[in-house]
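The figures that follow rest on heavy atoms only: side chains count, while hydrogens, waters and symmetry mates do not.
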Number of protein chains: 2
Amino acid sequence: MAETSGGLGIRERTRRAVRAELLTVAMDLFADKGYDATTIDEIVAAAGMSRSSFFRYFTCKEDIVLGHLQAIGQTLADALARRPADEDEWTALRRAFDDVLLAYHARDPQHALALRHMLESNPVLLAGNLEKQCRWHDQLIPHITPRLAPAPADSDTDARATAVIGAALACLEAANRAWRATNGQASLDKILDDVMRAVRPGAF
Amino acid sequence: MAETSGGLGIRERTRRAVRAELLTVAMDLFADKGYDATTIDEIVAAAGMSRSSFFRYFTCKEDIVLGHLQAIGQTLADALARRPADEDEWTALRRAFDDVLLAYHARDPQHALALRHMLESNPVLLAGNLEKQCRWHDQLIPHITPRLAPAPADSDTDARATAVIGAALACLEAANRAWRATNGQASLDKILDDVMRAVRPGAF
DNA sequence: ATCGAGTATGGTACTGAGTGCCATGTCGGG
DNA sequence: CCCGACATGGCACTCAGTACCATACTCGAT
């Protein structure tokens, strides 16, 4: 039918609106009194809805903060798919990170900074963050494996791809951390270049 | 005064014994019916003690499985301290991993395998595992920084050290995963060599 | 205009992890 | 033999997360 907005039905649109509302209300509370100290009851009270409904929009409290991370896996996979087939894996990953940085950090640096702050001040969120990154591996492996150097005899290509992806994500993580340490003043792109060259000397 | 065993008072010795007992009882239950499905009430019932006491020996349920991880950070730091000062950072880390592998995997491969299995079948444990590894960084940075190539002008050495450590740990993680996939048949040492060479071509 | 299906909502009751407190017991040293 | 430190068990509580049910609301079809 005549979908007025974005090709989505009204059901889906209101659903997203409610979720977005809930999200901003919750993040405001988190910023105000901290993640741990904020209960779900407080969030739903502030948003004017019931506890039951909350869990229909978010699987758990963590999901408020880390929910968007799942999508980044796909962003990375898509970005890698667009890189030339003969590009080496390290450069391809570095370029793929450009897309993520563009879509998240460049779009709203303040939000990225605040999120990073929460992450680093809360072990549970940090843990969840790292675990979500592990989920990206499976999506990225098919785009990395063909770029690897020929396997040495009886070596496991899959393990090598996993390691390379994990190493690159560790670089992204380290760069993010350093960037946040400068309060977003430094250039995240430059930091990322530096650390990825530190891990693989002579890269790019 | 006359410490009969290991230079520890009787208090500390009984304390460790109780903790060890609790640990084996819990791990048996986990192996039997799974981590999530086992409640703390069941553990303490099987061990014949109260719930209150349990939390005096373990900070949380996760601590049963991941408690030993904290010590590995120190093991790694000590191992790095013993490496020659002029050894490059990647080789030093690879050799430091030898110590960890020797102390944990070689000592009791079955236990390491079972633990790995639990880790990979439970997102919460995996997350906790990764978060604990992050805690190692601060201990390792001082041993890595001096081995890095001269910093390029305005680059942050600390970020580079963090990234290198993170990348190496990602290799260790990938190797462990691949090793567990072969049910411990493959040589973990060899896998680790392969993946660390994949991340840094021409290493060692 | 009405009906029925699908969906959103609120409420209630439950489990299980983790915290805080207190009263009691037990062991070791003087 | 007693005192103090530490260990224990029990209780009451908070909070996250699950399951289920009853009630609205909305949309499309007749």
Side-chain angles (χ1 to χ4, degrees), chain A residues 1-5 7-23 25-27 29-30 33-67 118 122-125 127-128 131, chain B residues 1-5 7-23 25-27 29-30 33-67 118 122-125 127-128 131:
Chain A
M1 313 302 158
E3 306 291 0
T4 42
S5 176
L8 291 168
I10 193 166
R11 283 256 160 73
E12 188 58 23
R13 266 185 293 146
T14 56
R15 185 170 174 76
R16 292 195 186 192
V18 173
R19 198 187 138 103
E21 166 69 8
L22 219 32
L23 197 138
V25 166
M27 289 302 275
L29 282 173
F30 291 160
K33 42 186 295 190
Y35 176 80
D36 286 322
T38 307
T39 68
I40 294 185
D41 282 328
E42 290 170 332
I43 296 171
V44 297
M49 57 169 20
S50 73
R51 227 178 82 93
S52 306
S53 289
F54 173 86
F55 284 105
R56 289 186 185 106
Y57 286 95
F58 295 94
T59 63
C60 61
K61 196 179 169 186
E62 225 184 75
D63 192 31
I64 303 172
V65 184
L66 305 179
M118 286 191 55
N122 190 298
V124 184
L125 291 179
E131 192 250 325
Chain B
M1 302 306 150
E3 309 288 2
T4 43
S5 177
L8 291 168
I10 191 166
R11 283 257 162 72
E12 186 60 20
R13 267 186 292 145
T14 56
R15 185 170 171 76
R16 293 197 186 189
V18 173
R19 197 187 139 102
E21 166 70 7
L22 218 33
L23 196 138
V25 166
M27 289 302 274
L29 283 173
F30 291 160
K33 40 186 299 192
Y35 177 80
D36 286 323
T38 307
T39 68
I40 293 185
D41 281 327
E42 289 171 334
I43 297 171
V44 296
M49 57 169 18
S50 73
R51 228 179 82 92
S52 305
S53 290
F54 173 86
F55 284 106
R56 289 185 184 104
Y57 287 95
F58 295 93
T59 63
C60 61
K61 196 179 169 187
E62 223 183 76
D63 192 32
I64 303 172
V65 184
L66 305 179
M118 286 190 54
N122 190 299
V124 184
L125 292 178
E131 193 250 324

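Of all nucleotides listed (dA16(D), dG9(D), dG11(C)), dA16(D) comes nearest to the side chain of Thr39(A). Closest approach to the Phe55(A) side chain among dG28(C), dG9(D), dA16(D) is made by dA16(D) (side chain taken as heavy atoms from C-beta onward). Which of dG10(D), dA8(C), dA16(D) sits closest to the side chain of Arg15(A) comes down to dA8(C). Nearest to the side chain of Cys60(B), among dG18(C), dA17(C), dA7(D), sits dG18(C). Relative to the side chain of Ile40(B), the nucleotides dG18(C), dT9(C), dG10(D) differ in distance, and dG18(C) lies closest.
Counting any heavy atom pair closer than 4.0 Å across all strands shown, Phe54(B) reaches no nucleic acid atom. Counting non-hydrogen atoms under 4.0 angstrom, Ser52(B) reaches a base of the nucleic acid.
In terms of position along DNA chain C, the nucleotide closest to Tyr57(A) lies nearer the 5' end than the nucleotide closest to the other residue of the pair Thr59(B) and Tyr57(A). Heavy-atom distances to DNA chain D give each of Arg11(B) and Arg51(B) a nearest nucleotide, and the one nearer the 5′ end belongs to Arg11(B). Residue whose closest nucleotide on DNA chain D sits further toward the 5' end, between Gly48(B) and Arg56(A): Gly48(B).
For Ser53(B) and dG9(D), the shortest distance from a side-chain N or O to OP1 or OP2 is below 4.0 Å.
A straight line from NZ of Lys61(A) to P of dA17(C) spans 18 Å, rounded to a whole angstrom. A straight line from CE of Met49(A) to C1' of dG11(C) spans 14 Å, rounded to a whole angstrom. Rounded to whole Å, the distance from CZ on Arg13(B) to P on dA7(D) is 15 Å. Rounded to whole Å, atom P of dG16(C) lies 18 Å from atom CD of Glu62(B). Separating the CD atom of Glu12(A) from the P atom of dC27(D) is a distance of 14 Å, rounded to the nearest angstrom. Between Asp36(A) atom CG and dA17(C) atom C1' the separation is 14 Å, expressed in whole Å. Separating the CG atom of Asp41(B) from the P atom of dG18(C) is a distance of 12 Å, rounded to the nearest angstrom. The CG atom of Leu22(A) sits 14 Å away from the P atom of dA8(C) (whole-angstrom rounding).
We find the CZ-CG distance between Arg56(B) and Leu22(B) to be 12.5 Å, quoted to the nearest 0.5 Å. Separation of atoms CG (Leu66(B)) and NZ (Lys61(B)) is listed at 12.0 Å; rounding is to 0.5 Å.
Looking at Asn122(A) and Met118(A), their side chains never come closer than 4.5 Å, going by heavy atoms from C-beta outward. Taking 4.5 Å as the limit, every side-chain heavy atom of Tyr35(B) sits out of range of all side-chain heavy atoms of Ile64(B).
Formation of a donor-acceptor pair under 3.5 Å by the Arg19(B) side chain with backbone atoms of Tyr57(B) is found in this model.
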